[in-house]
Amino acid sequence: MNILNRLHGPGDLQKLSQTDLKQLSCEIRETITKTVSENGGHLASNLGVVELTLALHRVFPLPEDKIVWDVGHQAYTHKMLTGRRDRIGTIRKKGGLSGYPSIKESPFDAFGAGHASTSISAALGIAQAKRLKGEKGHTIAVIGDGALTGGLAYEGLNNAGRFKGNFIVILNDNTMSISRNVGSIAKYLTHIRTRPGYLRLKSHMETAVDRIPLVGKPLRRGISHAKSSVKRLVYTSTLFEDFGFAYYGPLDGHDIKGLMEALESAKTAERPVLLHVITKKGKGYSFAERNPGKYHGVSKFDVKAGVPLSEEDTFSSVTGRCLCDFAERDPHICAITAAMAEGTGLTDFACRFPERFFDVGIAEEHAVTFSAGLAAGGMLPVCTLYSTFLQRGYDQIIHDAALQNLRMVFAVDRAGIVGEDGETHQGIFDASFLNAIPNISVYSPYSYSELREALETALYSSKGVAVVRYPRGKEPFLPKEIQKICKEYWLYGENSASIAIITYGRLFSAACEAVHLLDAEGIKARVIKLNRIKPIAREAVSNICTASKVFFFEEGIENGGIGEHLGSLLLRRHFTGTYFLKGIQGFVPHASMEEALHSLGLDAQGMKKTIEAECKK
């Protein structure tokens with residue numbers, strides 16, 4: 001790390017030769033691979049943009065110039081070049097660097113990110129703000145070809161093409177989002193990549209036509225029209241030029257010198273420019289190059305062997321197996337995902353039932369409405385999305401699914417605390433925002449067996465829209481002596497105990513452990529686990545009303561959540577006891593799931609502490 005260790009800010013790059021920059025690229029890749037192997041994180045996407053990031057930082061002085069990274073999961077090199085090299089080992093750890101750009105973390109991070117397709121809109125806003133304030137400097141949006149499957153990107157392009165001045169969009173084209181890209185845009189970019197000769201011809205023709213001498217205004221206008229006619233005859237313009245951009249490319253995304261020359265040219269243009277850059281996702285680490293999807297977001301792994309340090313069943317993989325089993329028996333079942341086939345456990349489903357598997361790209365709004373269309377057409381769709389991305393389809397859930405009371409299922413992965421991915425990815429809002437929508441049933445299993453049961457109930461017993469939400473990772477500790485009162489709720493502990501702990505999902509495990517901790521202190525409590533959290537079963541509310549002190553612990557946002565709703569139900573029942581609610585009241589920073597739950601007071605010790613404190617009053 002001879003060169004990397006000498007860098008303390010982006011200005012230090014100016015002192016390096018082209019040979020030094022190539023060596024620096026190798027050192028950065030080695031650092032990223034080692035760091036991600038120890039901390040987990042995004043590997044392939046970061047390895048693919050090392051040279052592009054170096055070129056950007058050589059050409060554009062930050063923070064006067066602004067770089068907006070789409071998604072932001074490829075910004076590790078950017079962080080190392082902007083004064084955070086010494087802290088890169090803390091990335092995604094509690095109190096350490098975020099795995100994404102954050103305006104709270106550094107003035108070099110122009111805009112926070114975590115979700116796809118936002119960069120062009122955000123960068124255009126920043127560019128317009130600079131123009132209105134009379135500030136100098138360039139604004140650059142870096143967006144991947146995967147993010148171009150999201151509609152927001154085109155809303156941004158549509159407006160950016162009219163910008164009066166320099167505005168640069170860099171299309172980082174590696175043929176991947178998380179899974180391999182799908183759809184017409186992927187085919188279109190392949191078409192451009194495979195026809196560089198036509199783009200060179202276009203450039204030569206433009207130069208030749210532009211050199212035709214002009215004599216007088218009438219002739220000038222005539223030749224201008226002639227130029228347009230000749231251009232249309234000789235070549236077809238790109239989609240991006242039709243949006244109003246000057247198109248440069250395709251360019252080799254690993255040629256630092258060539259990238260710098262193109263960027264220098266782009267920043268002199270008095271109009272919007274799109275640079276089409278071809279990169280290799282996972283470059284420099286053979287395992288990631290061969291399988292970039294697998295190494296997109298990874299847990300800790302052995303660098304030499306390229307294998308995870310632990311590989312077990314998860315809620316995601318079990319969901320995929322269950323859907324395969326159901327689909328084997330029922331030809332109406334379809335699975336839909338938004339560029340997350342591997343992450344949501346649907347890889348096997350895609351292989352076994354290719355005609356009934358639909359990856360729509362990073363387009364959650366489309367995924368929801370497309371699923372609603374399948375349901376309206378007589379199929380039984382299961383739309384499988386991460387909780388954090390389900391937020392993007394909220395209007396579609398209301399308008400296209402629930403309002404029409406369609407029979408369809410949402411499998412909501414990563415519900416609750418997700419850990420190291422942090423604020424942008426915590427699945428803490430779905431229970432609250434789904435709770436407000438009519439015609440929806442929501443189930444929240446805490447074990448693999450209950451997950452299967454919930455999916456089957458959602459598919460065949462629920463009316464209208466059904467949601468099954470489940471956490472990231474493995475199933476928690478499974479207590480014995482659970483009393484299955486009915487499908488809607490379960491009981492743990494003595495039903496006569498005057499203290500009732502109410503919860504749902506994986507917190508049930510912590511609540512049961514808290515019962516034992518309290519018992520050691522002479523405090524008797526029982527746990528009522530809500531399996532169906534919307535609507536809450538009347539029998540469960542009746543059971544809760546028999547307690548004198550009720551404690552609701554919720555791994556979700558408190559405002560508008562299930563706990564607040566239960567409180568209103570108890571009020572209507574004229575509940576005479578005391579009711580305590582502990583949920584999440586703000587955004588949750590990155591840390592391990594265990595650390596986050598502990599800091600929120602939602603682990604067994606936190607529950608015990610809360611109950612003890614109230615009982616002593």
Side-chain angles (χ1 to χ4, degrees), residues 68-73 111-128 141-163 167 169-192 238-245 247 272 274 276 336-341 343-344 358-374 376 381 383-403 408 410 412 424-425 429-430 433:
V68 179
W69 300 92
D70 206 280
V71 186
H73 58 0
F111 197 81
H115 293 183
S117 311
T118 64
S119 62
I120 299 173
S121 298
L124 180 60
I126 292 172
Q128 289 284 20
V142 183
I143 185 169
D145 53 323
L148 278 187
T149 60
L152 179 59
Y154 296 93
E155 296 175 30
L157 285 170
N158 182 51
N159 279 277
R162 298 179 295 169
F163 183 71
F167 178 72
V169 173
I170 296 176
L171 170 57
N172 172 36
D173 183 358
N174 56 32
T175 75
M176 296 287 291
S177 47
I178 296 172
S179 302
R180 188 161 292 279
N181 284 332
V182 294
S184 299
I185 293 300
K187 291 180 181 178
Y188 176 75
L189 293 176
T190 299
H191 173 75
I192 294 179
T238 67
L239 169 70
F240 308 110
E241 287 170 308
D242 290 339
F243 268 113
F245 284 77
Y247 175 89
L274 186 135
H276 185 180
I336 301 92
T337 188
M340 299 293 288
T344 55
F358 303 95
D359 183 345
V360 301
I362 304 178
E364 291 82 6
E365 294 160 286
H366 169 59
V368 175
T369 303
F370 172 71
S371 299
L374 283 170
C383 186
T384 309
L385 302 171
Y386 285 10
S387 171
T388 185
F389 302 135
L390 184 69
Q391 298 163 188
R392 313 189 92 184
Y394 191 53
D395 177 63
Q396 288 69 32
I397 296 170
I398 295 173
H399 181 270
D400 301 327
L403 182 63
M408 57 187 292
F410 289 95
V412 182
T424 58
H425 281 62
F429 297 101
D430 63 274
F433 68 66

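Checking each of Gln396, Arg392, His399 against Val368 for a side-chain contact (heavy atoms from CB on, under 4.5 Å) leaves exactly one that passes, namely Gln396. The only member of Ile170, Leu171, Ile120 that meets side-chain contact (heavy atoms from CB on, under 4.5 Å) when paired with Leu274 is Leu171.
Ser121 pairs by the side-chain hydrogen bond (donor to acceptor under 3.5 Å, both in side chains) definition with nothing, not counting sequence neighbours. Considering only residues two or more places apart in sequence or on other chains, Glu365 meets the side-chain hydrogen bond (donor to acceptor under 3.5 Å, both in side chains) condition with none of them. The side-chain hydrogen bond (donor to acceptor under 3.5 Å, both in side chains) test applied to Ser117 returns no partner, not counting sequence neighbours.
Taking OH of Tyr386 as the start and OG1 of Thr344 as the end, the distance is 7.0 Å to the nearest 0.5 Å. With rounding to the nearest 0.5 Å, the separation of CZ in Phe370 from CZ in Phe358 is 4.5 Å. A distance of 12.5 Å separates OG in Ser387 from CZ in Phe410, rounded to the nearest 0.5 Å. To the nearest 0.5 angstrom, Phe167 atom CZ is 5.0 Å from Leu124 atom CG. Atoms CG and OG1, on Leu152 and Thr118 in that order, are 7.0 Å from each other to the nearest 0.5 Å.
For Asp70 (side chain) and Ser119 (main-chain N/O), a donor-acceptor pair under 3.5 Å exists by modelled atom type. Proximity of a side-chain donor or acceptor of His115 to a complementary backbone N or O of Thr424 within less than 3.5 Å is detected. Judged by distance alone, with hydrogens and angles left aside, the side-chain atoms of Thr149 form a donor-acceptor pair with the main-chain N or O of Ile362 at under 3.5 Å. A donor-acceptor pair under 3.5 Å links the side-chain atoms of Gln391 to the main chain of Thr388, judged by distance alone.
Considering only heavy atoms from C-beta on, Ile397 comes within 4.5 Å of Leu390 through its side chain. Taking 4.5 Å as the limit, every side-chain heavy atom of Leu239 sits out of range of all side-chain heavy atoms of Leu157. Within the 4.5 Å cutoff, the side chain of Phe240 has no heavy atoms near those of the Val169 side chain.
When all heavy atoms are compared, the tightest approach of Met408 to Pro381 is CB-CG, 3.7 Å. Minimum heavy-atom separation, Ala338 to Val360: CA-CG2, 4.1 Å. The minimum heavy-atom distance between Pro272 and Ala160, with the atom names listed, is CG-O, 3.2 Å.
Side-chain contact check for Tyr247 and His276: at least one donor-acceptor pair (N or O, by modelled atom type) lies under 3.5 Å.
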